[in-house]
Each structure stands twice: as C-alpha cells, then as structure tokens.
4 protein chains.
Amino acid sequence: MDRRARASQKRQRLTAAAARVLHEQGIERTTLADIAREADVPVGNVYYYFKTKDELVQAALAEHRAHLDELTRALDRLPDPRDRLKGLIEAWVAQRETAARHGCPTGTLAVELDKRADGTLDAEAGAVIRRLLDWTAAQFRELGRPAPEDLALTLVSAYQGMSLLTNALRDPDIMNREGTRLLRWLDSLEPGGG
Amino acid sequence: MDRRARASQKRQRLTAAAARVLHEQGIERTTLADIAREADVPVGNVYYYFKTKDELVQAALAEHRAHLDELTRALDRLPDPRDRLKGLIEAWVAQRETAARHGCPTGTLAVELDKRADGTLDAEAGAVIRRLLDWTAAQFRELGRPAPEDLALTLVSAYQGMSLLTNALRDPDIMNREGTRLLRWLDSLEPGGG
Amino acid sequence: MDRRARASQKRQRLTAAAARVLHEQGIERTTLADIAREADVPVGNVYYYFKTKDELVQAALAEHRAHLDELTRALDRLPDPRDRLKGLIEAWVAQRETAARHGCPTGTLAVELDKRADGTLDAEAGAVIRRLLDWTAAQFRELGRPAPEDLALTLVSAYQGMSLLTNALRDPDIMNREGTRLLRWLDSLEPGGG
Amino acid sequence: MDRRARASQKRQRLTAAAARVLHEQGIERTTLADIAREADVPVGNVYYYFKTKDELVQAALAEHRAHLDELTRALDRLPDPRDRLKGLIEAWVAQRETAARHGCPTGTLAVELDKRADGTLDAEAGAVIRRLLDWTAAQFRELGRPAPEDLALTLVSAYQGMSLLTNALRDPDIMNREGTRLLRWLDSLEPGGG
DNA sequence: AATGAATGAGGATTCATTCAT
DNA sequence: GATGAATGAATCCTCATTCAT
C-alpha cells in the first residue's frame with residue numbers, strides 16, 4: 001500500500017470514527033481528541049485531513065448519507081415498490097437497540113445542528129433527510145398512490161418520531177409496535193387507491 | 001412588592017429565560033451568561049437560585065411540562081375526547097413557525113440530554129413526553145378505542161416526527177400537511193371501532 | 001434573656017462554631033456559610049458580629065487559647081510541677097482520636113496562617129503557642145531544672161510533632177507511644193539535676 | 001535539544017515550580033497561574049502536562065520525596081549509622097531559615113491535605129513521612145538499639161515539631177537549640193544499650 | 001505527511017462581602 | 001439588629017486550533 005492509499009485509508013478511518021462517535025455522544029459533547037483516539041490517529045494529524053471540526057461533522061453526515069444510499073440501492077433490487085418500503089421499515093426496526101441508545105443518526109445530528117447560529121451544516125443534515133423523503137415518495141409514486149410526497153412525509157415522520165420516542169423513553173419495543181403498524185398500513189394501501 | 005416577592009419573581013424570570021434560550025440555542029450552546037442576560041440578572045446571582053447549570057435545565061423542563069399541563073387542562077374542558085385530541089393537534093400546528101426554527105422544546109431537549117453520560121436529566125425529559133402519551137391515551141380510551149396506548153404512541157410519534165422534519169427542512173408547511181392528515185384520521189375513527 | 005444577652009450568646013455560638021469547623025476543615029476550605037450553618041445563624045447576620053472572615057479566625061484562635069488557659073489553670077491546682085506537666089501530657093494523649101483526624105487545632109491553624117502574605121493572624125497563632133511554651137517553662141523552672149526554656153521547647157515540640165505524625169499517618173497510637181515516653185522522661189528528671 | 005527533550009524539561013520545570021510555590025504559599029493559596037508563571041509556562045499549557053491541580057500537588061510531593069531519597073542515599077555512604085543520623089539532623093538544621101519562613105515542605109503539605117474530604121493525596125503525604133520514619137528506624141536498628149521504630153518516631157516527631165515551632169514563631173534559632181540537643185542525645189546512646 | 005506540544009479564549013462555579021429592607 | 005438577596009472578582013478547567021520540527 002503506497003502513501004496515497006494509506007492516507008486515504010486514514011481519512012476513511014477518521015470519517016467512520018466521526019460518524020460513530022458523533023452519533024453516540026453528539027457534536028458538542030465530542031472532542032476532536034475523542035474522534036482521533038477512536039480512529040487511532042494522532043490529534044495533530046487530524047488537521048491534515050480535516051481543516052476544522054465542522055468538516056468532520058460534514059464527513060460524518062456524508063457517511064450517514066452513504067449508508068442510506070447503500071440501503072436504498074439494495075432495496076431497489078426488489079421488484080415491488082411496496083416490498084421496498086416494507087424493507088425500509090424492517091431495516092429501521094432492526095436498528096431498534098441502537099435507536100434506543102442514541103436515536104436516529106441523521107435526526108439527532110439535525111437537531112443539534114439546528115441550534116447553531118451558522119446554518120451551513122444545518123442544511124446538509126436536511127439534505128440527507130430530503131434524500132430519504134424523495135426515495136420514499138418515488139416508491140409511493142410507483143405504487144400509483146396520489147400525493148406520494150405527503151405519504152412519504154407521513155412515513156419518514158413516523159420513523160423520526162418513533163426513533164425519538166424510543167430514544168427518549170429508552171424503550172426499543174416502541175419501534176416494534178410502530179413498525180408493525182406501519183407494515184400493516186402499507187399492506188392496506190390499494191394500488192392507485194384513495 | 002417586598003424582597004421575597006421580587007426574589008421569587010426573579011427565579012421565575014430565570015426559569016422562563018432558561019426555557020426560552022435553551023429551546024432556541026440548545027443546552028450545550030447556551031452559556032449561563034446567556035440565560036442571565038436574557039433574564040436581566042447578574043451572572044453571579046444566578047447561583048443563588050440555581051446551584052448548577054443542570055438545575056436550570058431541569059427548571060426549563062419543568063416549565064415545558066407546566067405549559068403542557070396548562071394546555072391539556074384547557075382541553076379537558078371540552079366534552080368530547082375527540083375534540084380534545086383535535087384541539088391538541090391544532091395547538092401543535094399553531095406553533096409551526098416556532099417548530100420550524102427550533103423544533104419541539106421537549107423533543108430537542110430530550111435528544112441533547114440523551115447524549116450525556118449522566119442520565120439523570122435524560123429521564124426527566126422522558127417523563128414529560130410520557131405525560132403527554134398518558135394524557136393522549138386517556139382520550140383514546142374514553143373514545144372507546146382498543147389499544148389506546150398504541151394510538152397515543154402513533155399520535156405523539158407523528159408530532160415529534162413532523163416537528164423534527166419541519167425543523168430540519170425549515171418548512172412550517174410540513175406541519176400544516178401532517179396536521180390536516182392527523183385531523184382527518186381522528187375524524188375517521190369510529191367510537192369503539194377496530 | 002434581653003437583647004444584649006441574646007446577641008452575645010450568638011457571638012459565642014459563632015466563635016465556638018468557627019473554632020470547631022476551622023479545626024476540622026482548615027481555614028481555606030471553610031466558607032462563612034459553613035460556620036454560619038454550624039452556629040445556626042443566618043449568613044447575612046454574621047457580619048454584624050464579625051466584620052471579616054479573618055476576625056472569625058481570630059476569634060477561633062482566642063477560643064483555643066481560652067481552652068489552653070482553662071487547662072493550665074486546672075493543672076496549676078496540683079502542688080507538684082512535675083505532676084502538672086504529666087497532666088498536660090495526659091490531656092494531649094486523651095485527645096489522640098481528634099488529633100488523628102484533624103491534628104492540633106493551634107498547630108494546624110498556625111501552619112495555614114503562615115502561608116499568607118499578610119502576617120497579622122500568623123503572629124496570633126504564634127502567641128498561643130508561646131503561651132504554652134511559657135507555662136511549660138515555668139513548670140520546669142519551678143522544678144529547679146536548668147535551661148527551662150529549652151526543656152519547654154523540647155516538650156512542646158514533641159507535642160506538635162507527634163500530633164502532626166498522628167494526623168498524617170492517621171494513627172492515634174503514635175500519641176500513646178510518644179506520650180508514654182514523655183511521661184517516663186519527666187519521671188527521670190531529678191529536681192535541679194543536669 | 002529536540003521537542004521531546006524540551007517538553008520533558010518543561011514538565012520538570014513545572015514540577016520544581018510546584019514544589020517550591022506550594023511549599024511557600026500552601027496549596028489553597030496557590031493558583032495554577034502562580035505555578036505557571038514561576039515555571040514560565042502559559043497557563044493553558046500546564047494542562048498538557050498535568051490534568052488537574054491535584055496532579056501538580058502530587059508531583060510536588062514526589063519531588064520532595066526525591067529530595068529526601070537523595071539525602072538519605074548520600075548519608076548511606078557513611079559507615080556509621082550514628083553518623084548518618086547526625087548528618088540528617090545537621091541537614092535539617094542547615095535548612096532552618098527556610099523552615100522559619102515556610103516550615104517543613106512535607107509536613108505543611110500533609111497538614112493542608114488532611115483538611116480535605118478526599119483523602120487520596122493525604123495518604124501520599126503520609127507515605128513520604130513514613131519513608132523517612134523507615135529509613136531512620138533502619139539506622140537505629142543497625143546501631144543495635146531496641147525498639148528502633150519508637151526511636152525513629154521520636155526523632156522524626158522532634159523534627160516536625162521543631163519545624164512547626166520555628167515556623168510559627170519565626171525563629172530559626174529554635175532549630176539550632178533543638179538540633180544541638182538531638183545530636184547530644186544521639187551521642188549519649190550506647191550501642192545496643194537500653 | 002506526521003506529530004507532540006503550545007496557545008488562549010471562553011465557561012462553570014465559588015464565595016467573601018455588601019446592600020436594602 | 002436581622003436577614004435574604006446581590007455582586008463581581010477569582011479560579012479551575014476544556015478544547016479547537018496552530019506551530020515547529
């Protein structure tokens with residue numbers, strides 16, 4: 001492995017560490033030293049890859065978006081859009097233990113970023129959520145449902161809401177119950193129906 | 001007004017300032033000086049009323065719970081539980097501009113508090129949310145619906161979810177759309193029906 | 001009890017509390033609030049009796065000096081100066097548990113006061129110790145020993161030393177052992193001997 | 001000199017400064033800024049070497065222990081244990097001016113540390129004193145004296161006592177007088193005698 | 001590129017002392 | 001005289017960021 005590869009690997013390690021630690025501890029509670037330690041990179045060296053802490057937050061957001069893309073790409077292989085949406089919900093429920101401990105990564109980052117005066121990163125968190133909304137709307141559209149954007153809003157809202165409650169009440173079972181309801185709801189939708 | 005009254009008023013002013021500023025800027029981004037300035041109280045004096053920053057956070061949470069109690073007490077005057085729930089939703093939607101800028105006070109505090117190692121305050125945020133869940137479930141129960149706790153979960157989840165999305169996307173209209181849907185959903189429920 | 005008496009009783013309560021708490025926690029670690037609480041006097045009221053914290057320290061020193069005077073006055077009733085000195089040592093050893101926990105009141109106050117730039121109170125602590133030295137020297141003189149001041153120095157030094165070691169090592173038995181030795185030493189001294 | 005060497009030198013400078021200033025001003029009266037200034041190190045940088053003020057106190061204690069070890073190692077080169085003990089006393093007396101101004105470094109630190117609720121550092125101060133006791137007892141044992149631990153206790157007690165009196169009365173001559181007595185006492189001891 | 005070390009601007013908290021009634 | 005409340009200076013500690021090698 002040459003210099004170039006080693007460097008980019010270090011960058012990747014930092015990004016992954018940032019995504020993980022920022023999700024667990026939040027932005028304000030996480031120090032650069034925390035991330036550096038987790039990535040096994042000397043503190044001073046972090047600045048070679050990321051000029052500011054904000055850039056690391058940005059990288060973490062990008063990482064979460066990449067995870068989302070990975071998931072939707074996999075679901076896209078399913079022929080039936082309804083199955084894709086059900087797969088999405090099942091993926092959410094599968095993460096219930098993590099959600100109980102730390103909430104939805106993107107959702108909680110968005111909440112924290114919103115509290116800042118500077119709204120640069122704020123928008124980026126919104127963009128990840130919008131991406132999820134768009135993909136979801138596309139599935140409803142393909143299903144022939146009217147107002148697919150509204151349906152997407154309802155589904156993603158439900159996800160963020162149940163993640164927050166699961167987290168706040170430290171009760172992963174909330175995601176089981178709400179997940180089950182959402183799956184039944186999807187099943188009840190008739191293609192193109194009202 | 002004597003010393004005693006003026007002092008307790010100061011405490012109240014600090015509590016109100018804390019509730020407001022912590023909602024707007026988040027816990028970590030808010031300094032004691034911020035709250036002191038907002039309440040027009042010298043920093044050193046804050047400690048006469050609250051021994052730590054955490055106690056101010058606690059007071060802010062109590063303030064939000066009090067607001068919630070006030071609202072539900074008012075709604076309790078309505079004879080029909082369905083109307084009470086619709087009133088709750090309308091109150092939420094009426095706050096959409098604030099939600100777009102800062103999210104749900106309790107919800108965002110809960111998210112931040114969860115990121116802490118020490119879980120004391122964390123639990124208190126959860127308690128406020130649970131209070132809302134309980135009141136909501138009571139209405140569904142009075143309506144004669146089966147599984148009122150699950151319905152409450154669905155409604156409160158929807159609220160937290162739409163608040164978060166509205167905030168993350170800075171789009172208050174989201175609360176109009178989801179609010180409308182929730183109202184229609186309530187109307188569609190037949191008393192005691194499945 | 002009239003105003004005058006009640007007030008002086010309050011002053012006495014504060015003095016006693018100061019003597020106790022300053023011995024236990026040291027000057028720097030003790031707040032005025034600590035002393036006020038211990039004396040069951042409102043903080044604001046302390047300043048009516050003592051204009052500064054230093055005045056309270058001074059009062060505590062005076063209290064310790066009074067205790068010493070009380071003890072020597074009682075010992076002065078014994079006809080034999082050697083018995084008086086032995087009584088002194090026995091009184092010290094009887095305090096060994098307190099010494100193990102907090103050291104000699106006057107000695108530890110003197111150590112703390114010495115660390116100050118301002119030497120006013122410093123001198124007062126020294127004066128209490130000097131008073132003990134003088135009384136002790138008087139006994140040796142009455143015994144007809146040569147260089148009674150040196151003997152007093154040796155005895156008081158031994159007391160301060162064993163108090164410090166007992167305290168630092170948290171071992172009250174040290175005072176038993178050294179006390180026994182000092183008693184034997186006194187017995188071995190022949191009146192007027194070399 | 002490279003970074004590494006300069007850094008470790010800085011640590012040493014901080015330790016030496018801490019030992020000195022803490023001895024002179026006491027723990028509570030010394031600010032981190034005092035120590036930083038004395039060591040010519042920016043305040044913020046102190047925390048790179050010592051995570052808390054307590055760690056600096058600990059380092060100062062270790063420094064004093066090192067000084068003690070140095071002294072006893074030098075004395076160990078003398079063939080006669082009695083000469084070693086006399087050398088120890090002479091070293092004490094040689095420090096009389098410092099003792100008059102600030103007392104025994106370890107003794108006064110021990111007194112201050114005892115006043116704390118947290119007893120961690122307290123024990124460390126005790127350990128330094130115990131080390132001195134042990135070395136002293138070893139000399140008496142080698143001299144063939146019975147109860148060497150008691151003799152050590154007497155000698156070290158006398159040292160702490162005369163240091164405290166010298167300091168409290170600001171009279172270095174006290175150490176001359178007590179030192180002379182202790183030297184004579186050592187001379188009077190017959191090997192193995194009672 | 002890599003890295004240990006340096007820097008300084010905050011931020012929470014404490015507390016002696018003063019004030020207003 | 002009595003008292004709750006007010007004040008502000010001081011202190012410890014954190015951490016993003018920069019620097020020198």
Side-chain angles (χ1 to χ4, degrees), chain A residues 3-4 6-8 10-11 27-36 41-56, chain B residues 1-11 28-36 41-56, chain C residues 2-4 6-8 10-11 27-36 41-57, chain D residues 1-11 28-36 41-56:
Chain A
R3 258 179 325 165
R4 189 81 150 269
R6 210 166 339 130
S8 104
K10 231 170 183 177
R11 192 177 212 291
I27 299 172
E28 308 290 346
R29 288 263 160 179
T30 299
T31 69
L32 280 187
D34 287 340
I35 298 174
V41 168
V43 216
N45 199 9
V46 172
Y47 280 84
Y48 182 75
Y49 299 97
F50 300 93
K51 271 192 289 294
T52 64
K53 185 181 181 182
D54 273 11
E55 281 192 15
L56 266 167
Chain B
M1 187 169 54
D2 64 354
R3 254 181 326 164
R4 190 78 152 271
R6 204 157 351 119
S8 105
Q9 188 217 10
K10 219 167 183 180
R11 192 176 214 288
E28 309 289 347
R29 288 264 159 176
T30 298
T31 69
L32 280 183
D34 288 340
I35 297 174
V41 167
V43 213
N45 199 11
V46 173
Y47 282 88
Y48 184 78
Y49 297 96
F50 300 94
K51 272 188 289 295
T52 62
K53 185 180 180 181
D54 272 13
E55 279 193 16
L56 268 168
Chain C
D2 63 358
R3 258 180 325 165
R4 188 80 150 269
R6 212 172 332 133
S8 106
K10 231 171 183 177
R11 191 176 213 288
I27 300 172
E28 308 290 345
R29 289 264 160 178
T30 299
T31 69
L32 279 187
D34 287 339
I35 297 174
V41 168
V43 215
N45 200 8
V46 173
Y47 280 84
Y48 182 74
Y49 299 96
F50 299 95
K51 273 192 287 296
T52 63
K53 186 182 180 182
D54 273 12
E55 281 192 13
L56 266 167
V57 175
Chain D
M1 186 168 53
D2 64 354
R3 252 183 326 166
R4 190 79 151 268
R6 205 158 350 122
S8 104
Q9 188 219 7
K10 222 168 181 177
R11 193 177 212 288
E28 309 288 347
R29 287 265 159 176
T30 299
T31 70
L32 280 182
D34 288 339
I35 297 175
V41 168
V43 212
N45 197 8
V46 172
Y47 284 87
Y48 184 77
Y49 297 97
F50 299 94
K51 273 191 286 295
T52 63
K53 186 182 178 181
D54 272 13
E55 279 193 14
L56 267 168

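Convention: sequence-line order gives letters A, B, ...; per-chain numbering from 1.
- One interatomic measurement links the two molecules: CD1 of C:I35 to P of E:dT17, which rounds to 11 Å at whole-angstrom precision.
- When each of D:V46 and B:A33 is assigned the nucleotide of DNA chain E bearing its nearest heavy atom, the one mapping closer to the 5' terminus is D:V46.
- Distance check: B:L32 CG to B:F50 CZ gives 11.0 Å after rounding to the nearest 0.5 Å.
- Nearest-nucleotide mapping onto DNA chain F: of D:V43 and B:V41, the residue sitting toward the 5' end is B:V41.
- For the atom pair CG of A:D54 and CD1 of A:I27, the computed distance is 8.0 Å after rounding to the nearest 0.5 Å.
- Base pairing analysis places E:dA1 opposite nothing; no Watson-Crick or G-U wobble pair with both distances below 3.5 Å involves it.
- One atom, CG of A:N45, and another, P of F:dA20, lie 18 Å apart when rounded to the nearest Å.
- Figure legend. E:dT21 is base-paired to F:dA2; pairs are counted as Watson-Crick or G-U wobble with both atom distances under 3.5 Å.
- The minimum heavy-atom distance linking A:E28 with B:R29 is given by the pair OE2-NE, 2.7 Å.
- Residue-to-nucleotide proximity on DNA chain F shows that, of D:E28 and A:I27, the 5′-proximal contact is made by D:E28.
- Only C:Y49, listed by number, bring a heavy atom of residues 49-56 of chain C to less than 4.0 angstrom from any atom of DNA chain F.
- When the side-chain nitrogen and oxygen atoms of A:Y48 are compared with OP1 and OP2 of E:dA2, none of them lie within a distance under 4.0 Å.
- Between D:Y47 and F:dT14 there is no side-chain polar atom (N or O) within less than 4.0 angstrom of OP1 or OP2.
- Taking each heavy atom of D:Y49 and D:E55 in turn, the nearest pair found is O-OE1, 4.4 Å.
- Considering all non-hydrogen atoms of both residues, B:D34 and B:T30 come closest at OD2-CA, 3.7 Å.
- Of the side-chain N and O atoms in C:K10, none sit less than 4.0 angstrom from OP1 or OP2 of F:dG1.
- Considering only side-chain atoms of B:L32, the nucleotide from E:dT3, E:dA12, E:dT7 that sits closest is E:dA12.
- For C:R11, the salt bridge (Lys or Arg N to Asp or Glu O under 4.0 Å) test picks out no residue, with sequence neighbours left out.
- Backbone-only engagement by A:T30 is indicated by non-hydrogen atom pairs under 4.0 Å involving sugar-phosphate atoms exclusively.
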Evaluation steps, side chain to side chain contact (heavy atoms under 4.5 Å, CB included), between B:L56 and B:I35: CA-CA 9 Å; B:L56 268 168; B:I35 297 174; 4.1 Å; yes
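- E:dA1 atom P lies 12 Å from atom CZ of A:R11, rounded to whole Å.
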